[in-house]
Structures are given as C-alpha cells and as structure tokens.
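None of these values were measured; they are calculated from a predicted model. When a residue number appears, it is its place in the shown sequence, counting from 1.
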Amino acid sequence: MTDTPLYTALLEHRQKSRASFHTPGHKNAPGALPPDLLSLDFTELPDTDSLFEAEGAILAAEQRAARLFGAKRTLFSAGGCTLCLQAMLYLAAPCGGTILFDRVLHRSVVHTMALLDITPVWILPQPTAGRGLPGRVDSRDVLSALREHPDAKAVFLTSPDYYGVLADIPAISAVCRKAGIPLLVDNAHGTHLAFLKKNFHPLFLGASATACSAHKTLPVLTGGAWLNLAEPSFVPDAKRAMALFGSTSPSYPVMASLDLARAWLEENGRAAFSALEDRIAAVRELAAWQGIPAPEGDCDPVRLTLRTAEAGIPGTDTAELLREHGVEPEYADAAQVVLIATPFNSESDFQRLEAAIRALRPGKAIAETAPALPALPPMLLTPRQALLSPAEELPLASAVGRIAAETACPCPPGVPVVMPGEKITDEIADFLRGYGIFSLKVVK
C-alpha cells in the first residue's frame, strides 16, 4: 500500500523526531500508554458495557473519575471536548434561551448555539468594551451583564484560555450562585489543573460544570475528554445529553485511555505535575533572562507562552527556530509562541527547548504585532438563523453590510472577529484582509 497520503505524512513527521510541545499529552512517549490498546478496539458487548447506557465497567470507571475530581458526576467522551461542551450547554438550556458568554470561545460552542437556538449575550470586559476583547472578564463584568439580562440561563467562560491565562473563577462563581444560575466552564486546556501544587481546576473553585479535554495535557488518546458536573440538577439528564450529540460507536481504546489516565493521576499525578511545574519555572527563568516575558495575569503554571515579540522576535520566527532545534511548538502568531508541556516530555525535550531559547537573539521590542480588534458588530440574526440559512461566499468588499453565515477567527484560538448573525462592517473587512482572509460566507 503506497497511495496513502495521510498515513505517509504521519510516518514522515514521526521520522523528524522532534520534541513534542503540542497536544496530545502522552507525547507518544514509551510507557505513557499500553502498547496493546489497538488490540482492545472492541464495541458494545455484554461484558464491555455501553457508553450511553452505562451500568457496568464504564459506569464504574466514570464513578472513579468523579471521585478523583470531586464531581457529582463525571462522564466519558470519546468525541473530544466538543461533545462535553454540547452536552453542558444542553443541560443548561435544553430549549434555547439566553446565555452570557465571554467572547473567547471555541467554534464548536457557536455551532451548539445554533443547534439549541441559544441567543448569546457577550460579557464585555472593562474598560475596553467596544474595542474588541483584549482582556479577560471579571466578576464585575459578569454582575453588570446579569443585571442587564436577568433572564440569562447560565454564564459560560473559557478558562484557561489558549495562552494559559486563568479567569477569576471563585469570584465569578460567587456572582453566579447569588444570581441562582450555573457557571459553565470550557476547561479544555486545564484538565491537569487539579493536580498542580495549588488546585486551580474550575470545578474545585466553584464552577457548576466543566468540559475537560483530557487528551491535551494527560496520557489520553486524542478525542478523550471528561464532562465534570457539580450541579446536582444536571446529573439525571447528563447521559441523555451526551447521547443526543455523541456517536453511537465510541472508541473503546480512547475510553480505556481515560480510565488508565485516571489511575495514573491517582498514583503519580501530583508528584509528576509538581516536578513539571519546577521544570517549567526554570525554562521561564531562562526566557526572562532573554527578555521574553510570560502573559500578564494569573496563568497556568505549566503552560509555556513566550511573548517573543517583546524581545524583538515575531512568534512565527521563533517557531521556525524551534523547529530547527528539533522542537515542535503547539502554536505561534506574530506576538508569541505557545508550548504545551506535560510530565511525558523527557529531559532531552527540555534541553532542546532551552538550547533553542538560548539561540534567540533579542532585539528592540516590536511595538505593534497585530491591529486592534474591531468593535463588536451588531447582531442582526441569532446564530441558529444565520448558520441554518442559505449562504453564499463573497469577496470581503461585497460582504460589507451583509450578515455573516460563519465564524471568522483569524487569530486562533482567540476572539471571533465576527460571528454568524453579526453584521460585517468595513472595520471587520479591513481587519480580516490584514490576516489574508479575502472572502466570507454571508446569509443570502
């Protein structure tokens, strides 16, 4: 078999033998996962249980995970964090309605808004409301939004964000509890936060439910995630919510890797992540000596975001230098490069990374790495109306004044510049052109 483009590409990438500072968290490291998982690719059988009717081995595995996270209920997903987000939003608003959202959100959340007919109301951080969303929302922003929208069924936040910045979950959850509504957290990049020296996991800090993409930072096969529930009223319908969106053919190796990761966390997780915190702190210290700071605000202690533009080096250039030194980063943009480290990175991986950082030649800070985000556009249709309407793709010049039928997010995975249902303004069109986007789907 020679005509296998994807399989061949994966083999060729493996042959580069780069240190993996990207997802998945197992890093393909020896011992991270049993070598015989492929031989366990079974299906629903009398003795293997069924994911959405779990009453045997899967239920027992989920109950053990719930004890680990201190959840009322934990559910397995072999459909990634997307399935967890879909189910979480359904549990909060099964018949649609208004939910308050931070503008930092995954596109799967936008699609779920359309499926459930959820109307988003944006929580705008102060004092920069109206000029994009460069900051993170805080409890005052949430309180203000709730006063203006007392009919909101939930508050939805992403924490940590892609760069590792953490929201003030304790304060925001207190506001939500006082208002009597749940706080939903997209914790895709923070499953490991419960096992650091200080527990930063949003469920521990007061969230009602969290969607946790375990495969990003733990020894889990890609697609493995947990939906963690602290809100008792969510528990009875949780399996039905997962079944509504999930495949009827979930991968048993993926689910088995979730079970194995839970056992590993119980036995080794805290010690392993404590050591990782110390190792990342050493890398950060080296980067700071080179004039490369970390993001501002409270951050995930093991997420390594290097703001190299402040040392005069675009993040994209830094990424290329890293690759030359045998290091593959997670992501890079004009301002920074993001690296995801886990306990399954070897000391050799870190030594390669440090050699690359030492090879950087700092210069004068780059003042402007990207234009300011355009003002938030008016919403003329709901996401459901826009996404399910007939659409056509137009050049940006012709799309101005029309209603977007898709999400445009040129700085992934940051803030959507325009959402389905929002008006495309001249300012938005100019911004998108600057990122090499020259057309957009609009509602006919």
Side-chain angles (χ1 to χ4, degrees), residues 40-97 99 106 108-109 111-113 115-118 153-154 156 181-188 191 194 201-203 207-215 218 220-263 265:
L40 304 180
D41 191 11
F42 294 113
T43 187
E44 295 90 347
L45 299 169
D47 56 347
T48 61
D49 206 359
S50 175
L51 178 59
F52 300 126
E53 296 80 27
E55 55 186 18
I58 292 175
L59 176 61
E62 290 179 330
Q63 289 172 336
R64 284 165 173 76
R67 287 198 294 269
L68 177 67
F69 287 100
K72 297 290 185 185
R73 185 76 168 88
T74 294
L75 298 100
F76 280 16
S77 167
C81 203
T82 293
L83 175 55
C84 298
L85 291 167
Q86 291 167 330
M88 189 165 69
L89 286 165
Y90 173 84
L91 291 169
C95 299
I99 290 182
H106 194 267
S108 64
V109 176
H111 297 159
T112 308
M113 291 179 196
L115 292 173
L116 296 175
D117 200 14
I118 290 171
K153 294 185 175 181
F156 183 101
I181 63 172
L183 172 61
L184 315 176
V185 179
D186 179 352
N187 184 51
T191 312
H201 197 285
L203 199 78
S208 305
T210 64
C212 300
S213 191
H215 74 89
L218 298 177
V220 172
L221 291 174
T222 297
W226 284 301
L227 174 60
N228 284 310
L229 304 176
E231 171 55 50
S233 66
F234 286 169
V235 172
D237 285 337
K239 274 292 181 186
R240 188 163 68 93
M242 297 285 275
L244 182 64
F245 300 99
S247 169
T248 56
S249 300
S251 166
Y252 273 75
V254 170
M255 292 190 289
S257 72
L258 284 168
D259 196 26
L260 288 162
R262 184 268 313 157
L265 286 166

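- Shown here for S251 and A78, the closest heavy-atom pair between the two residues is N-CB, 3.8 Å.
- Under a 3.5 Å cut-off, the side chain of S108 and the backbone N or O of Q86 do not form any donor-acceptor pair.
- Here the straight-line distance linking atom CD1 of I118 with atom SG of C95 works out to 10.5 Å at 0.5 Å rounding.
- Rounded to the nearest 0.5 Å, atoms CG (D186) and NE2 (H106) are 7.5 Å apart.
- Taking every heavy atom of both residues into account, L75 and A238 meet most closely at CD1-CB, 3.8 Å.
- Of all non-hydrogen atoms in A230 and L203, the two that sit nearest each other are CB-CD1, 3.7 Å.
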Residues L89, L115; criterion side chain to side chain contact (heavy atoms under 4.5 Å, CB included); working and verdict: CA-CA 10 Å; L89 286 165; L115 292 173; over 6 Å; no
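- The shortest non-hydrogen separation linking V220 to S257 is CG1-OG, 3.4 Å.
- L91 is listed as a side-chain neighbour of D237, based on a closest heavy-atom distance under 4.5 Å.
- The CH2 atom of W226 sits 10.5 Å away from the OG atom of S213 when rounded to the nearest 0.5 Å.
- R262 contributes atom CZ, which lies 10.5 Å from atom CZ of F69 (distance to the nearest 0.5 angstrom).
- Between the side chain of T210 and the backbone N or O of C212, no donor-acceptor pair lies under 3.5 Å.
- The side-chain heavy atoms of N187 and N228, taken from C-beta on, include no pair separated by under 4.5 Å.
- Atom CG in L83 sits 9.5 Å away from atom OG1 in T112 (nearest 0.5 Å).
- At distances below 3.5 Å, at least one donor-acceptor pair connects side-chain atoms of S77 with backbone N or O atoms of G79.
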Side-chain polar contacts of residues 51-61 - donor-acceptor pairs under 3.5 angstrom, sequence neighbours left out - could you list them?
unit_1: E53; atom_1: OE1; unit_2: S50; atom_2: OG; d: 2.6

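- For the atom pair NE2 of H215 and OG1 of T191, the computed distance is 8.5 Å after rounding to the nearest 0.5 Å.
- Identified under the salt bridge (Lys or Arg N to Asp or Glu O under 4.0 Å) test for residues 64-73, with sequence neighbours left out: E62-R73.
- Side-chain contact between F234 and L184 is present, with at least one heavy-atom pair separated by less than 4.5 Å.
- Aromatic ring pairs are classed by plane angle as parallel below 30°, tilted from 30° to 60° and perpendicular above 60°; the pair Y90 and F245 is perpendicular.
- Here the closest non-hydrogen pair linking V185 and M88 is O-CE, 3.7 Å.
- Closest approach of Y252 to T48, counting heavy atoms only: CE2-O, 3.3 Å.
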